[in-house]
Protein chains: 2
Amino acid sequence: MSRPLTARQQHVFDFIVKTMGEFGYPPTRAEIAKALGFRSPNAAEEHLRALERKGVIRIIRNTSRGIRLPNQEPQEALDTAASAVPANLETPLHTGLPVIGEVAAGSPILAAEHIDRYCPLPAEYFTPKADYLLRVRGLSMKDIGILEGDLLAVHRTERVRDGQIVVARLDDEVTVKRFKRQGHQVTLYAENSEFDPIEIDLRSQSLDIEGVGVGVIRGGNGQALG
Amino acid sequence: MSRPLTARQQHVFDFIVKTMGEFGYPPTRAEIAKALGFRSPNAAEEHLRALERKGVIRIIRNTSRGIRLPNQEPQEALDTAASAVPANLETPLHTGLPVIGEVAAGSPILAAEHIDRYCPLPAEYFTPKADYLLRVRGLSMKDIGILEGDLLAVHRTERVRDGQIVVARLDDEVTVKRFKRQGHQVTLYAENSEFDPIEIDLRSQSLDIEGVGVGVIRGGNGQALG
DNA sequence: GAACATACTGTATACTTAACCACTTATCGA
DNA sequence: TCGATAAGTGGTTAAGTATACAGTATGTTC
């Protein structure tokens with residue numbers, strides 16, 4: 001596993017736990033900074049990232065107070081919080097498939113900071129096995145039932161065949177399309193008549209294949225259905 | 001105390017409790033609005049104020065996610081919420097959700113002989129919780145991304161609201177449609193321009209609601225994706 | 001029938017917050 | 001002495017969020 005927390009990191013963690021118990025919601029960066037005496041919220045931010053790297057918290061990106069303690073049962077988390085020192089920090093807090101939200105330009109898809117949460121489904125549920133779930137943006141694949149907000153199960157591979165649904169990186173943007181190749185000419189088809197196919201000449205443009213779509217999940221975690 | 005909550009206020013309160021339990025922090029106005037189907041966050045705001053007036057929550061001003069449930073013991077909050085919701089039918093003891101294939105005419109959906117297999121996903125992954133997965137036949141709902149062979153996660157209930165995707169039994173046939181009711185007249189809409197809506201007069205025809213759709217899974221067990 | 005509460009839509013604004021960038025200081029092991 | 005890590009300061013920006021204001025519609029109460 002990872003290294004134990006430093007003293008300062010432990011202070012930050014304790015404050016999160018205390019805040020959860022006291023107010024029922026996690027603190028903001030600014031609140032952490034104030035409580036710990038930092039003059040900059042950035043100090044809190046970096047501590048949070050360290051805590052996440054070490055697996056003791058989870059950060060929900062772009063969400064105010066988006067800090068989660070590992071315990072599966074949040075109510076248990078509160079109880080634990082009230083009384084105890086975090087004893088088993090080394091406990092793996094995630095099982096299942098990582099859900100990838102926004103992917104920052106230039107960074108690998110599976111970077112820890114892209115992981116929104118985990119879906120408790122074994123990778124082998126899909127064939128070939130899924131390596132992660134990618135949150136779909138836009139409606140370019142709606143004609144084959146892949147809608148905005150859906151989770152696309154993705155099998156990591158660079159070897160794709162014509163007609164497969166692929167996750168590709170084009171100009172640092174991650175996109176889901178149907179793949180077709182003729183020599184050095186690749187066409188990425190949207191499944192939506194309002195979108196035009198994308199033509200790529202591999203001699204002049206770069207195209208990175210991140211994987212193939214192997215499944216779709218919709219409706220988890222309160223997402224609407226319809 | 002003050003007057004009891006209205007039905008709508010109860011919905012909002014339940015959603016807050018659910019969010020607290022699921023994520024460990026309270027929802028924002030916008031999240032409430034989205035979950036309850038409001039188009040304006042102000043609707044959520046006014047519900048929150050009503051809930052505060054009636055003493056069931058406390059609002060911390062100018063604070064993101066500043067909603068507190070009064071109960072010191074979080075478990076109590078959950079109990080309250082649970083009891084406010086109609087009793088659930090049966091809790092499956094096996095792990096995973098049963099997958100229902102063909103449903104024989106005249107027999108209950110959840111009869112053992114209909115269960116194809118189990119999908120290793122907790123019922124609570126969906127909201128409200130899924131009771132089973134129904135294998136979809138036909139393309140009548142393709143415009144909202146529900147295709148043939150998909151597994152529709154279904155929450156068992158007879159209480160459905162306009163616009164929801166319902167599993168209904170009509171003339172002993174199980175069908176998935178969008179529900180709309182005006183008095184004793186029910187219309188079941190397909191989401192596919194090639195299908196006509198089905199009109200039912202409850203005075204002369206019987207319509208059994210088996211549940212509402214809460215999610216979709218595609219691609220499990222080798223099923224193709226596109 | 002006026003007064004009031006509920007239950008919203010729609011728009012706008014200002015505050016809150018997460019997240020980034022550039023930079024500094026100190027410690028520790030190689 | 002170099003590089004890596006920890007622990008910050010200070011400031012910026014865009015997104016997230018609470019909240020006010022102006023309406024509409026439908027009931028219930030007196």
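So that the names make sense, note that chain A is the first sequence line, chain B the second, and so on, each numbered from 1. All heavy atoms count here, side chains included; hydrogens, waters and symmetry mates do not.
- Side-chain atoms of A:His155 come within 3.5 Å of backbone atoms of A:Lys129 as a donor-acceptor pair (strictly under, hydrogens ignored).
- Under 4.0 angstrom from either OP1 or OP2 of C:dC8 there lies at least one side-chain N or O belonging to B:Arg8.
- Between the NE2 atom of A:His11 and the P atom of D:dA7 there is a distance of 10 Å, given to the nearest Å.
- D:dA7 atom P lies 13 Å from atom CG of A:Leu48, rounded to whole Å.
- Between A:Arg29 and C:dA18, a side-chain N or O to OP1/OP2 separation shorter than 4.0 Å is present.
- The side chain of B:Arg49 approaches D:dT19 more closely than any other nucleotide in the set C:dT17, C:dA7, D:dT19.
- Here the shortest heavy-atom pairing between A:Leu97 and A:Tyr132 reads CD2-N, 4.3 Å.
- Residues satisfying the side-chain contact (heavy atoms from CB on, under 4.5 Å) criterion with B:Ala50, sequence neighbours excluded, are B:Gln9, B:Arg53.
- Contacts between residues 36-46 of chain A and DNA chain D, defined by a heavy-atom separation under 4.0 Å, are made by A:Phe38, A:Arg39, A:Ser40, A:Asn42, A:Ala43, A:Glu46.
- Going from atom CG of B:Leu151 over to atom CZ of A:Arg218 covers 12.0 Å, rounded to the nearest 0.5 Å.
- OP1 or OP2 of C:dA7 has at least one side-chain nitrogen or oxygen of B:Thr6 nearer than 4.0 Å.
- The main-chain N or O of A:Ser64 is found under 3.5 Å from a side-chain atom of B:Arg65 such that the two form a donor-acceptor pair.
- With distances taken from any side-chain atom of A:Gln9 to the nucleotides C:dA18, D:dA7, D:dA18, the minimum falls on D:dA7.
- For A:Arg65, counting side-chain heavy atoms from C-beta on, the closest listed nucleotide (C:dT17, D:dT17, D:dG16) is C:dT17.
- The distance from atom NZ of B:Lys54 to atom C1' of C:dA7 is 12 Å, rounded to the nearest whole Å.
- C:dT16 atom C1' lies 15 Å from atom CD1 of B:Ile60, rounded to whole Å.
- Rounded to whole angstrom, the span from the CD1 atom of A:Ile59 across to the P atom of C:dC20 amounts to 11 Å.
- The side chain of A:His47 has D:dA7 as its nearest neighbour among D:dT17, D:dT19, D:dA7.
- Of the inter-residue distances, the one linking B:Asp143 atom CG with A:Asp143 atom CG reads 8.5 Å to the nearest 0.5 angstrom.
- Between A:Ser64 and the phosphate of D:dT17, there is a side-chain N or O to OP1/OP2 separation shorter than 4.0 Å.
- Of the inter-residue distances, the one linking A:Ile209 atom CD1 with A:Phe179 atom CZ reads 5.0 Å to the nearest 0.5 angstrom.
- Here D:dG16 presents its P atom at 17 Å from CD1 of B:Ile32, a figure rounded to the nearest Å.
- One atom, CG of A:Asn62, and another, C1' of D:dT13, lie 13 Å apart when rounded to the nearest Å.
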